[in-house]
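I have placed the structure first, in the form of structure tokens, so that the comments after it can refer back to it.
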Amino acid sequence: MSENLIGYIDDQGNILDTQSAGENCTATPIEYDNSEQALEIIRHSTAHLMAQAISELYPNSQFFVGPVVDEGFYYDFRVDEQIGENDLKAIEKKMKELIKKKYKIEKYEITKEEALAKFANDDLKQAVLSRIPDETISVYKQGDFEDLCRGPHVPALRFLHNFKLTRVAGAYLGGDEKAEMLTRIYGVAFADKESLKAYITMMEEAKKRDHRKIGAEMELFMFNEESGAGLPFWMPQGAKLRYKLEQILHKAHLVREYEPVRGPEILKADLWRTSGHYACYGENMYLTEIDEQEYGIKPMNCLGHIQIFKQTQKSYRDLPLRYYEYGVVHRHEKSGVLHGLLRVREFTQDDAHIFCTPEQIAPEVLEVVEFVDSVMKLFGFEYTMEIATKPEKAIGEDAVWETATQGLIDALDGNNLPYSIDEGGGAFYGPKIDIKITDAIGRKWQCGTIQVDFNLPERFEVEYVDEDNTRKQPVMIHRAILGSFERFIGILTEHYAGEFPLFLAPTQVIFVPISDSHADYAYALKKRLRLEGLDSEVFDKNDSLNKRIRTAEKQRVPYVVIVGDEEVQGNSVAIRNRRTREQYNLTQDEFMVELNKQLQEGKI
RNA sequence: GCCCAUAUGGCUCAGGGGUAGAGCACUUCCUUGGUAAGGAAGAGGUCGUGAGUUCAAGUCUCACUAUGGGCUCCA
């Protein structure tokens with residue numbers, strides 16, 4: 001038996017640890033390394049080691065569950081003391097002491113009845129047992145520490161070296177918001193020191209491109225304690241960036257035959273009652289009163305678009321009719337979930353509602369999927385699609401839901417587009433396809449969404465006149481491509497680490513005149529760029545040339561352009577590559593051609 | 001909303017019961033320089049807000065607000 005053997009993988013892909021497999025196992029061995037299976041075993045055992053350390057440091061602690069997750073492991077437990085980030089070091093130290101005791105990890109099996117009796121005075125273990133259907137329960141033991149566990153584990157503590165406890169958090173027992181909150185500690189573990197180090201470095205790099213940090217540095221956006229949480233302010237640089245994104249997307253909508261519309265920010269509460277928002281979404285809505293009438297600030301834009309559709313009589317010839325709006329919405333998000341621009345209380349959706357016939361659903365959904373794809377491609381984003389089905393709180397008949405859900409499935413299946421299913425994750429008025437972008441540190445954020453809705457048209461008696469002169473109800477497709485400008489720009493910022501492509505960059509060119517006498521030339525260039533719709537700045541402050549070049553380089557602008565006697569005489573520019581520090585000269589006209597070429601790259 | 005943590009000039013941070021400090025940024029002056037920090041002077045903070053303990057609180061305690069890491073929920 002190899003020194004490095006920590007388990008086996010059987011025909012079904014299940015991991016067997018050495019304790020379960022016995023001496024003469026013929027399944028494929030798992031060696032101690034960074035393979036997916038090995039890491040699962042190592043991390044699970046590290047979680048147990050942590051629990052053992054905690055139980056020694058805090059004798060009253062009781063343990064719930066300690067699974068392996070994507071990035072590492074965690075353990076949930078109850079403890080009398082408050083545990084903060086500063087206590088993690090002490091726990092790590094204790095873990096290392098325990099490793100030195102060279103405990104073997106042993107496994108034995110008991111019946112469920114015996115287990116219930118064994119842990120009779122531990123209500124958390126009772127809770128764990130109640131979730132296990134099996135009649136035979138396995139227990140793992142290392143030193144004096146025993147824990148209910150399915151495994152798999154490494155054979156002995158000596159395999160556990162390269163770990164780090166990363167954060168302490170609260171977590172509801174069983175994930176239920178109404179249940180008791182336990183303490184959770186997260187950690188990571190690898191087979192070797194280098195991988196652990198690489199992981200820590202990666203997290204530090206991710207921190208450097210955090211949109212909140214870059215947003216402050218580049219003066220893109222801000223929040224302010226006096227104004228309230230989750231309410232972003234767009235500073236000039238951020239507003240310029242956002243405006244460019246809005247313009248690109250505006251043109252893309254027009255090309256695809258969308259019509260711009262705009263609805264009011266607040267609508268009478270009765271309208272929200274008709275729609276079902278009041279009952280199903282009310283806890284997220286801000287309500288107000290005007291002249292003794294209740295009003296609701298819109299959390300979604302659909303009602304406005306429905307009113308506009310209904311204002312004039314529609315024919316089947318008008319369908320599909322696509323209304324779009326950069327709609328500002330307000331939602332009462334819980335204070336604890338706010339997160340930079342990625343989760344706010346006021347945001348602007350790139351929202352559209354497509355009114356169409358049932359037959360038009362599939363082609364329209366496909367068209368939107370294509371739209372999404374072209375936008376994601378423009379920015380180089382990876383994304384996944386998820387079909388979300390009927391949630392608990394919902395309006396409308398089951399049959400209607402089934403038809404709508406099937407419509408979405410057909411549209412994706414028919415075109416071999418990959419997706420997963422999110423059971424019960426739909427909007428209260430219809431099923432949806434969610435488009436999730438993977439960000440710089442691997443988190444997934446919902447951005448785009450496509451929702452089929454038979455319910456609101458019915459509730460608001462939305463109608464069109466069909467070919468046979470009868471009145472029919474259209475289907476509504478709610479959709480957003482970016483999701484919201486706030487979230488999307490947050491993700492974009494991290495994606496590009498603030499170095500936006502020319503067609504998005506808030507400042508696209510910085511001119512550095514060599515001395516005062518070249519400032520006029522620089523300002524003339526700035527004016528010329530302005531007329532082409534390009535934003536530039538002139539760095540002519542009373543600082544040394546070196547200092548101004550340094551400052552300009554650090555601005556994350558696409559172009560730093562130096563102008564001095566040579567350039568003024570030759571009507572040219574000296575362009576500096578901020579990465580290689582190399583420089584090349586172009587005439588003004590050549591430069592304009594180059595800039596316009598790069599602007600065109602922002603077309604979709 | 002819940003658990004844990006944090007809050008000191010515009011930014012990044014030091015200080016740790018006896019009434020505040022650095023670097024960068026900012027202002028003014030000198031310097032007009034061909035590719036990543038030229039020099040000098042200056043201004044700027046009731047240490048998040050409100051209570052409490054104390055002879056004395058930026059420092060200790062509590063509440064609130066905001067922020068961060070999670071849970072739950074979502075674009």
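Every heavy atom of this structure was used, including side-chain atoms; hydrogens, water molecules and symmetry mates were not. Residue numbering restarts at 1 for every chain, and letters A, B, ... go by the order of the sequence lines. Because the structure is a prediction, the values reported are computed rather than measured.
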According to a strict under-4.0 Å criterion, is K547(A) in side-chain N/O contact with OP1 or OP2 of A25(B)?
-> yes

Taken to the nearest whole Å, CZ/F511(A) to C1'/G34(B) is 17 Å

Residues of residues 165-180 of chain A with any non-hydrogen atom less than 4.0 angstrom from an atom of RNA chain B: list those, numerically ordered, please.
-> R167(A), V168(A), A169(A), G170(A), A171(A), Y172(A), G175(A), E177(A)

Determine the contact category for N546(A): base if any of its heavy atoms lies under 4.0 Å from a base atom, sugar-phosphate if only primed atoms, P, OP1 or OP2 are that close, otherwise nothing.
-> sugar-phosphate

Would you say U12(B) has OP1 or OP2 under 4.0 Å from some side-chain N or O of K213(A)?
-> no

Rounding to a whole Å, what distance do you find between H332(A):NE2 and G1(B):P?
-> 6 Å

Pairwise C1' distance, U49(B) and G45(B) [rounded to whole Å] = 16 Å

Hey, is the side chain of H339(A) poking within less than 4.0 Å of OP1 or OP2 on G69(B), counting only N and O atoms?
-> yes

Is any side-chain N or O of Q82(A) closer than 4.0 Å to OP1 or OP2 of C4(B)?
-> yes

State whether S484(A) places a side-chain N or O below 4.0 Å from either non-bridging phosphate oxygen (OP1 or OP2) of A75(B).
-> no

Have a look at G490(A) and say if it touches a base, only the backbone sugar-phosphate, or nothing, with a 4.0 Å heavy-atom cut-off.
-> nothing

With heavy atoms under 4.0 Å as the rule, sort R212(A) into base, sugar-phosphate or nothing.
-> sugar-phosphate

Which part of the nucleic acid, if any, lies within reach of A229(A) when heavy atoms closer than 4.0 Å are counted: base, sugar-phosphate only, or nothing?
-> sugar-phosphate

With heavy atoms under 4.0 Å as the rule, sort G336(A) into base, sugar-phosphate or nothing.
-> base

Would you verify whether the NZ or CZ of R256(A) falls within 45 degrees of the ring axis of F371(A) while also being under 6.0 Å from that six-membered ring's centre?
-> yes

Less than 6.0 Å separating the ring centroids of H478(A) and Y429(A)?
-> yes

G44(B) and A7(B): how far apart are their P atoms, nearest whole angstrom?
-> 26 Å

Does the ring center of F379(A) lie less than 6.0 Å from the ring center of F488(A)?
-> yes

Ring centroid separation H277(A) to F428(A) under 6.0 Å | yes

Pairwise C1' distance, U19(B) and A36(B) [rounded to whole Å] | 43 Å

Check whether any side-chain nitrogen or oxygen of R343(A) sits under 4.0 Å from OP1 or OP2 of G70(B), and answer yes or no.
-> no

Smallest heavy-atom separation, G396(A) atom then K390(A) atom, equals O-NZ, 4.1 Å

Could you state the atom-to-atom distance from CD of E333(A) to P of C71(B) in whole Å?
-> 16 Å

RNA chain B: 5'-proximal contact among R550(A) and Y186(A) (nearest heavy atom) | R550(A)

Kindly say whether, by distance alone, the side chain of E567(A) makes a donor-acceptor pair under 3.5 Å with the base of G34(B)?
-> yes

Whole-Å distance separating the CG atom of D543(A) from the C1' atom of C29(B) | 13 Å

Report the residue (E85(A) or K541(A)) whose heavy-atom-nearest nucleotide on RNA chain B is the more 5′ of the two.
-> E85(A)

Counting any heavy atom closer than 4.0 Å, what does R184(A) reach on the DNA or RNA strands: base, sugar-phosphate only, or nothing?
-> sugar-phosphate

Given the P atoms of C13(B) and G48(B), what is the spacing between them in whole Å?
-> 15 Å

Give one of base, sugar-phosphate or nothing for I83(A), where a contact means two heavy atoms less than 4.0 Å apart.
-> sugar-phosphate

Would you please indicate yes or no on a ring centroid separation below 6.0 angstrom for Y323(A) and Y258(A)?
-> no

According to a strict under-4.0 Å criterion, is T449(A) in side-chain N/O contact with OP1 or OP2 of A75(B)?
-> no

Check: L482(A) main-chain N/O paired with D350(A) side-chain donor or acceptor under 3.5 Å | yes

Side chain R242(A), main chain W234(A), donor-acceptor under 3.5 Å | no

Assign N284(A) to base, sugar-phosphate, or nothing according to its heavy-atom contacts below 4.0 angstrom with the strands shown.
-> nothing

Rounding to a whole Å, what distance do you find between M235(A):CE and G10(B):C1'?
-> 10 Å

Below 6.0 angstrom between ring centroids: does that apply to Y199(A) and F190(A)?
-> yes

Length of the line joining F428(A):CZ and C74(B):C1', which is rounded to integer Å | 14 Å

To the nearest angstrom, the CD-C1' distance between E486(A) and A75(B) comes to 9 Å

For S544(A), which contact category applies under a 4.0 Å heavy-atom criterion: base, sugar-phosphate, or nothing?
-> base

Is F223(A) stacked on the base of A66(B), meaning ring centres closer than 5.5 Å and planes within 30 degrees of each other?
-> no

